[in-house]
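Working notes, beginning with the structure itself.
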Amino acid sequence: MRTRVRAGESSAFAELFDAYARAVYNHAFRLTADWSTAEDVMAATFMEAWRLRDRVDPEGGSLRPWLLGIATNTARNQYRSNRRYRTAAGAAAAAELSVPDHADEVADRIDDRRRLAAALTALATLRRPEREVVALCLGEGLDYEAAAEALGIPVGTVASRLSRARRKLRALAAEEPEKAGGNREGGRTGRQVRGDHTHVVRPAQGGNR
Amino acid sequence: MNANTSRQSPAEGEESAQLFARTARDLPTGRHQFHKERLMARIHEARQEERQAESPAVRRQTERQAERTAGAPGGFRRLRLPRPAITLPVLAAALAGVVVTGVVRTGGDGVRDGGGVATGPALTTTVGAATTKGLPQLLDQISLAAAEDDHPVVEPGQYIYIESKAADTFLKTVGDKTTLASHRLHTRQIWDSPDGTKGWLIDPAVNDSPEGETLSLPDEQGNTPRAHLGAPSYDYLAELTTDPDELLAKIYEETAGQGNTPDQQAFTTIGDLLAESYPPAELYSALFKAAAKIPGVVVVNDAVDAVGRHGVAVARLDETSGLREEWIFDTKSHVFLGERSVQVKRLTGTDALIEPGTVTYTSAILTRAIVDGIKQTPSRSG
């Protein structure tokens, strides 16, 4: 496969796309908090992969970490600052939780929406380098070596970022029950997008039936 | 081509492993195939070009050099397909962080209206009449005024400081209710180093803390962050061509695939460069000459910036979103005052809450200066 990719065989890229487009799409979403941006990033990632094909090491295993690494770089260019990510994550989480009344979605689906909102809320508490490692290792299940390869950083750095991120996530999880009793009124005008996302991990209520 | 699915040790990743359980989604219907075909078409085209042109090795090397100097994400500069008639999402809106409208749209229709949640008043205006009459003359005058402006040179270690006032209106969804909300008019201050690697932002609409937050690019990988048209540094702008045709071609090329239409995206890209950057005078002037060549650009004879200064606007209607982006200039001096986005066309569904006349974003540039440090402001403004 690596040889075929390096040679620029279009069939190899077709296979890559079929195998990994979905993973790249979801990874990009975790890094951009916006589905349509994620789609753009996904498309750009494969274009970029084609362009960078001769940088692929001839030896090695799956090309998935390589693609996820390109996606990470591409997604990074979408946000110059973390605040934009947090704003997007807040909005996306709120959108996940705003299920239309008439929707006859099954409970599972609604539960999935809540999970996604919670995941975004968690990701928004992290710094970008931590978020990237979390998205690769926990979101896409890469091991430390693969994540290190994807990001072009030492394995030890991956491990330390991940452990720092985990501490933050644990702290967040510990805070949640306290917030469950919080009031439902919106925050101050002008803050509400991000004000909301501190609430989204609460148990379903009202509109989330 | 097996997926690499090796996991962390179960004990370690317990709580975090479930964080992403069942959060993955499929691409929207048809999009997998759409993007795959597009990829294949581009590869096919590129390979044919390569065969006709130089040897692949030389070609790829050239590409890589181009990438290093131009440094745009997404690459594939020389391969362009006609844009499909499908409206791709507004990547640029995310990049520019300008219009927040529509971000929370996924709640879909059927959202009940009604009060009870925190709302700011919507900003509204009278939609000015658009005309193409006098456009070339106006842009000429603006371009001339821009060329005369004395833009100082930024030394390394100094910062470009831009102070503006901004406000916006957006759709806000809480629970099952979507309403219009707004960020009140507030001061926004931004500092950027010429190379774009250091910066600071104070904007109460986006910061958590009143001190603001850093825009510096943490560079854990030892790479030099690459500036591009969507996130330009001063140095990057200083190196851009000042030939209007080349500039416009570059803008179209590098924003291909972004925005609602290529023309609108080119217009928006130039608008973003005007508002919060301090490019050399020659480039500033060239940007207006380039804008004059974009189809659909009009003149709006009365427009008001965020602090109430009246002027004449160069504008373009985004047919997809129904928003008209207006760059506002002083009627006499033709100095750039600010920009705003006005909803011109009526929308349907939840978006109908944004009625024609709603100002979804407005800004006024108050100060552009070169300062010696982050959080320093020029003496005259405090």
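Only a predicted model underlies this, so the values are computations on that prediction, with no experimental measurement involved. The chains referred to below are lettered A, B, ... by the order of the sequence lines, with proteins before strands, and numbering in each begins at 1.
- Of the charged side-chain nitrogens involved, at least one lies within less than 4.0 Å of a carboxylate oxygen, so that B:Arg25 and A:Glu96 count as a salt-bridged pair.
- For a residue to count as touching a neighbouring chain, one of its non-hydrogen atoms must lie under 4.5 Å from one of that chain's; by this rule A:Leu120 does not touch chain B.
- Here CG of B:Leu19 is found 9.0 Å from CZ of A:Arg30. Values are rounded to the nearest 0.5 Å.
- Side-chain contact between B:Arg22 and A:Asp111 is present, with at least one heavy-atom pair separated by less than 4.5 Å.
- Atom CD of A:Glu39 and atom CG of B:Leu27 lie 6.0 Å apart (nearest 0.5 Å).
- Residues passing the side chain to side chain contact (heavy atoms under 4.5 Å, CB included) test with B:Leu201 are A:Arg83, B:Arg188, B:Ile190, B:Asp203, B:Val206, B:Asn207, B:Leu215, sequence neighbours excluded.
- Taken from CE in B:Met40 to CZ in A:Phe46, the straight-line distance is 9.0 Å, to the nearest 0.5 Å.
- When side chains are defined from C-beta on, B:Asp26 does not count as touching A:Tyr25, because their heavy atoms never get closer than 4.5 Å.
- Residues satisfying the salt bridge (Lys or Arg N to Asp or Glu O under 4.0 Å) test with A:Arg4, not counting sequence neighbours, are A:Glu9, A:Glu15.
- Contact of A:Phe17 with chain B is made through backbone and side chain together, with heavy-atom distances under 4.5 Å.
- Residue A:Ser10 holds its OG atom at 15.5 Å from CZ of B:Arg42, rounded to the nearest 0.5 Å.
- Rounded to the nearest 0.5 Å, atoms NE2 (B:His35) and CG (A:Asp40) are 7.0 Å apart.
- Contact annotation: the side chain of B:His32 never approaches that of A:Met42 to less than 4.5 Å [non-hydrogen atoms, C-beta and beyond].
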Working note: B:Thr23 + A:Phe29, criterion side chain to side chain contact (heavy atoms under 4.5 Å, CB included); need CA distance, chi angles, decisive distance, verdict. CA-CA 10 Å; B:Thr23 59; A:Phe29 174 73; over 6 Å; no
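- Residues A:Phe13 and B:Leu39 approach most closely at O-CD2, 4.3 Å, considering heavy atoms.
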